[in-house]
Novice: 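Before I ask anything, here is the structure I am working with.
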Amino acid sequence: MDLQQIYELVVVGDAPGVEELVEQAVGTGVPPLEIISRYLIPAMTEVGARFERAEFFVPEMIIASGAMQAALTVLKPLMAEGQLDTAGQVVLGTVQGDVHDLGKNLVSVMLEGGGFAVTDLGADVGPEAFVETVREHKADIVGMSALMTTTMPAMERTIQALIEAGLRHGVKILVGGAPLTQAYCDQIGADGYAPDAPSAVRKAKELLGIA
Ligand code: B12
């Protein structure tokens with residue numbers, strides 16, 4: 001089978017087609033991680049690029065996202081399989097005011113594949129919700145995603161809320177999202193930045209000293 005078709009069908013947003021191809025691919029032994037890294041992430045990057053060139057508009061993006069989610073629905077249970085020991089507890093969310101969750105969802109799936117237990121709070125997550133969940137799950141890592149320059153400051157507010165709640169010392173803070181940089185990570189006092197989902201897993205392990 002032509003795996004490149006997975007990429008093509010995500011870009012044009014053919015969810016049933018993507019689901020079928022991904023099922024076939026895993027059936028023939030293609031590793032889920034390879035499907036995500038080689039086809040799904042590049043496809044969503046291309047969708048983002050077309051949007052920026054005004055070749056795609058919001059409806060096309062939403063349809064493409066649906067196709068990527070369909071692929072993740074097939075892959076997610078396979079990635080968590082056989083992971084008895086957890087590398088650590090991660091609380092993950094897109095920060096307040098920001099609804100972009102596609103990249104965060106990829107990070108979530110990859111972290112689970114890497115042996116982490118992930119509590120995904122979804123998108124538009126306020127500082128209080130992060131704080132409460134970190135306390136409740138005794139999280140090792142808080143992962144925050146922001147896709148807009150206007151929502152990046154919500155990361156700093158969340159870190160401040162963790163400090164005020166006395167939880168900062170017990171948790172590592174990992175940040176990511178297209179507008180983020182290592183410099184911004186350092187500026188707000190986070191512990192780690194990763195530019196994509198595969199490196200997010202490496203960074204998470206590094207932060208916990210299990211790299
Ligand atoms: C898809 C998309 C949408 C979709 C979101 C669907 C969804 N469910 O997520 C919809 C249509 C809903 C949308 C809405 C809006 N969007 Co929009 N959107 C995008 C777009 C095209 C792609 C984002 C994406 O999904 N990329 C693909 C994923 C796979 O990549 P990623 O998110 O970067 O994630 C990767 C890494 O960053 C990293 N990562 C991500 N999170 C994390 C977290 C951690 C902890 C780590 C370690 C790593 C990590 O790993 C991921 C996988 O490799 C971007 C443009 C762009 N090129 O980024 C604009 C963009 C982000 N949107 C933008 C805007 C302005 C909006 C809107 C305000 C309306 C509008 N004018 O379009 C609303 C925002 C509403 C809100 N309050 O949030 C702007 C933001 C500008 C800014 N201020 O910075 C952008 C940059 C487009 C632009 N150039 O104008 N959008």
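Counting convention: from 1, in listed order, for ligands and their atoms alike.
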Novice: For atom 84 (O) of ligand 1, find the nearest protein heavy atom and state the residue, atom name and distance (0.1 Å precision).
Specialist: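 Here the nearest protein heavy atom works out to Thr149 N, 2.8 Å.
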Novice: Is it the case that atom CD in Glu23 sees more than 12 heavy atoms from other parts of the structure closer than 6.0 Å?
Specialist: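 Yes, CD of Glu23 has more than 12 neighbouring heavy atoms, counting only those of other groups under 6.0 Å.
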Novice: Quick one: does Thr151's side chain have a donor or acceptor within less than 3.5 Å of a partner on Met148's backbone?
Specialist: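 Indeed, once roles are kept as given, a pair shorter than 3.5 Å links the two residues.
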Novice: Specify whether the nearest protein heavy atom to atom 7 (C) of ligand 1 is under 4.0 angstrom away.
Specialist: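 Given the 4.0 Å cut-off, atom 7 (C) of ligand 1 counts as touching protein heavy atoms.
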Novice: Can you see which heavy atom on Tyr7 is nearest to which on Tyr39, and at what distance?
Specialist: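 For Tyr7 versus Tyr39, the nearest heavy atoms are CD1-O, 3.8 Å.
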Novice: Side chain, backbone, both or neither: which part of Met61 has a heavy atom under 4.0 Å from ligand 1?
Specialist: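 Looking at Met61 and ligand 1, just side chain atoms fall under 4.0 Å.
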Novice: Verify the contact flag for atom 54 (C) of ligand 1, where contact means a protein heavy atom under 4.0 Å away.
Specialist: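 Protein heavy atom within 4.0 Å of atom 54 (C) of ligand 1: absent.
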Novice: Can you find a protein heavy atom under 4.0 Å from atom 69 (C) of ligand 1?
Specialist: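 Protein heavy atom within 4.0 Å of atom 69 (C) of ligand 1: absent.
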Novice: Hey, is atom 14 (C) of ligand 1 under 4.0 Å from any protein heavy atom?
Specialist: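 Looking at atom 14 (C) of ligand 1, one finds that a protein heavy atom does lie closer than 4.0 Å.
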Novice: Show me which atoms of ligand 1 lie under 4.0 Å from any heavy atom of Met144.
Specialist: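 Here the atoms of ligand 1 in question are 43 (C), 44 (C), 45 (C).
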Novice: Distance to 0.1 Å, residue and atom name: give those for the protein heavy atom nearest to atom 72 (O) of ligand 1.
Specialist: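 Sorting protein heavy atoms by distance from atom 72 (O) of ligand 1 puts Phe51 CZ, 3.7 Å first.
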Novice: side-chain contact (heavy atoms from CB on, under 4.5 Å) between Val26 and Val30: does it pass, once the steps are laid out?
Specialist: CA-CA 5 Å; Val26 292; Val30 182; 5.7 Å; no
Novice: Just heavy atoms, cut-off under 4.0 Å: does Glu52 contact ligand 1 by side chain, backbone, both, or neither?
Specialist: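 Near ligand 1, Glu52 shows its side chain, while the N, CA, C and O stay back.
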Novice: So, does Val175 sit close enough to ligand 1 that a heavy atom of it is under 4.0 Å from the ligand?
Specialist: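 A heavy atom of Val175 does come that close to ligand 1.
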Novice: Using a 4.0 Å heavy-atom cut-off, which part of Ile41 comes near ligand 1: side chain, backbone, both, or neither?
Specialist: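 The answer is the side chain of Ile41.
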Novice: Does atom 33 (O) of ligand 1 have any protein heavy atom closer than 4.0 Å?
Specialist: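 Neighbour list for atom 33 (O) of ligand 1 includes protein heavy atoms (cut-off 4.0 Å).
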Novice: Does Val107 approach ligand 1 within less than 4.0 angstrom via side chain, backbone, both or neither, non-hydrogen atoms only?
Specialist: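 For Val107, the contact with ligand 1 is made by the side chain alone.
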Novice: Please find the pair of heavy atoms, one from Tyr193 and one from Leu180, that lie closest to each other, and give the distance.
Specialist: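 Distance-wise, the nearest heavy atoms are OH-O, 3.3 Å.
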Novice: Can you tell which part of Val58 has a heavy atom less than 4.0 Å from ligand 1: side chain, backbone, both or neither?
Specialist: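 Within the 4.0 Å criterion, Val58 contacts ligand 1 through side-chain atoms alone.
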Novice: Looking only at atom types and distance, does a side-chain atom of Glu60 sit under 3.5 Å from a main-chain N or O of Phe57, one as donor and one as acceptor?
Specialist: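 Yes; at least one donor-acceptor contact below 3.5 Å.
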Novice: Give the residue, atom name and distance (to 0.1 Å) of the protein heavy atom nearest atom 25 (O) of ligand 1.
Specialist: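 Atom 25 (O) of ligand 1 sits closest to the protein heavy atom Leu102 CD1, 3.3 Å.
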Novice: Is Pro195 touching ligand 1 with its side chain, its backbone, both, or neither, if touching means heavy atoms under 4.0 Å apart?
Specialist: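 Only the backbone of Pro195 comes within reach of ligand 1.
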Novice: I'd like to know if Lys203 and Glu206 make a salt bridge, using a cut-off of under 4.0 Å between side-chain N and carboxylate O.
Specialist: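 Yes, this pair counts.
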Novice: Is there a polar contact between ligand 1 and Ala200, counting only N or O atoms under 3.5 Å apart?
Specialist: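 No.
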Novice: Indicate whether atom 49 (C) of ligand 1 is within a distance of less than 4.0 angstrom of some protein heavy atom.
Specialist: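 For atom 49 (C) of ligand 1 the answer is yes, since some protein heavy atom falls inside 4.0 Å.
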Novice: Do you see a protein non-hydrogen atom under 4.0 Å from atom 90 (O) of ligand 1?
Specialist: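 Within 4.0 Å of atom 90 (O) of ligand 1, no protein heavy atoms are found.
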Novice: Under a 3.5 Å distance rule, please check whether Asp140 uses its side chain to pair with a backbone N or O of Gln89 as donor and acceptor.
Specialist: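 Flag set: sc Asp140 to bb Gln89 pair under 3.5 Å.
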Novice: Kindly give the heavy-atom pair with the smallest separation between Leu208 and Ala87, and that separation in Å.
Specialist: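 It is CD1-O, 3.8 Å.
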Novice: Decide whether an N or O pair under 3.5 Å exists between Ser145 and ligand 1.
Specialist: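 Among all N and O atoms of Ser145, at least one is under 3.5 Å from an N or O of ligand 1.
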Novice: Which protein non-hydrogen atom lies closest to atom 46 (C) of ligand 1, naming both residue and atom, and how far is it?
Specialist: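 Atom 46 (C) of ligand 1 sits closest to the protein heavy atom Gly176 CA, 3.5 Å.
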Novice: Closest non-hydrogen protein atom to atom 30 (O) of ligand 1, residue and atom name please, with distance?
Specialist: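 For atom 30 (O) of ligand 1, the nearest protein heavy atom is Gly103 CA, 4.3 Å.
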Novice: Could you tell me whether some N/O pair between Gly143 and ligand 1 is separated by less than 3.5 angstrom?
Specialist: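 No, since none of the N or O atoms of Gly143 sits under 3.5 Å from an N or O of ligand 1.
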Novice: Does the Asp98 side chain pair with the main chain of Thr94, one donor and one acceptor, at a distance under 3.5 Å?
Specialist: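 Looks like no, no N/O pair under 3.5 Å.
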Novice: Nearest protein heavy atom to atom 23 (C) of ligand 1, by residue and atom, and its distance?
Specialist: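 Among all protein heavy atoms, the one nearest atom 23 (C) of ligand 1 is Leu147 CD1, 4.1 Å.
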Novice: One pair to check against side-chain hydrogen bond (donor to acceptor under 3.5 Å, both in side chains): Asn105 and Ser108. What are the steps and the verdict?
Specialist: CA-CA 5 Å; Asn105 294 347; Ser108 173; over 6 Å; no
Novice: Identify the heavy atoms of Leu72 and Leu106 that sit nearest to each other, and give their distance.
Specialist: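 Nearest pair, atom of Leu72 first, then Leu106: CD2-CD2, 3.9 Å.
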Novice: Of the choices Leu106, Val201, Leu174, Val109, which has the non-hydrogen atom that lies closest to atom 29 (C) of ligand 1?
Specialist: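 Answer by nearest heavy atom: Leu106.
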Novice: Under 4.0 Å between a Lys/Arg side-chain N and an Asp/Glu carboxylate O for Arg157 and Glu128?
Specialist: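 So Arg157 does not pair with Glu128 through a salt bridge.
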Novice: Might you confirm whether atom CZ of Arg38 has over 12 heavy atoms from other residues, nucleotides or ligands at distances under 6.0 Å?
Specialist: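 Atom CZ in Arg38 is not crowded, with 12 or fewer foreign heavy atoms closer than 6.0 Å.
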Novice: For atom 60 (C) of ligand 1, what is the nearest protein heavy atom, given as residue, atom name and distance?
Specialist: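 The closest one turns out to be His100 NE2, 3.7 Å.
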Novice: Looking only at protein heavy atoms, identify the closest one to atom 80 (C) of ligand 1 and say how far it is in Å.
Specialist: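 Heavy-atom neighbour on the protein nearest atom 80 (C) of ligand 1: Met148 CG, 3.6 Å.
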Novice: Atom 40 (C) of ligand 1: which of Gly177, Ala49, Ser199, Ala197 has the nearest heavy atom?
Specialist: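 Going through Gly177, Ala49, Ser199, Ala197 one by one, Gly177 has the nearest heavy atom to atom 40 (C) of ligand 1.
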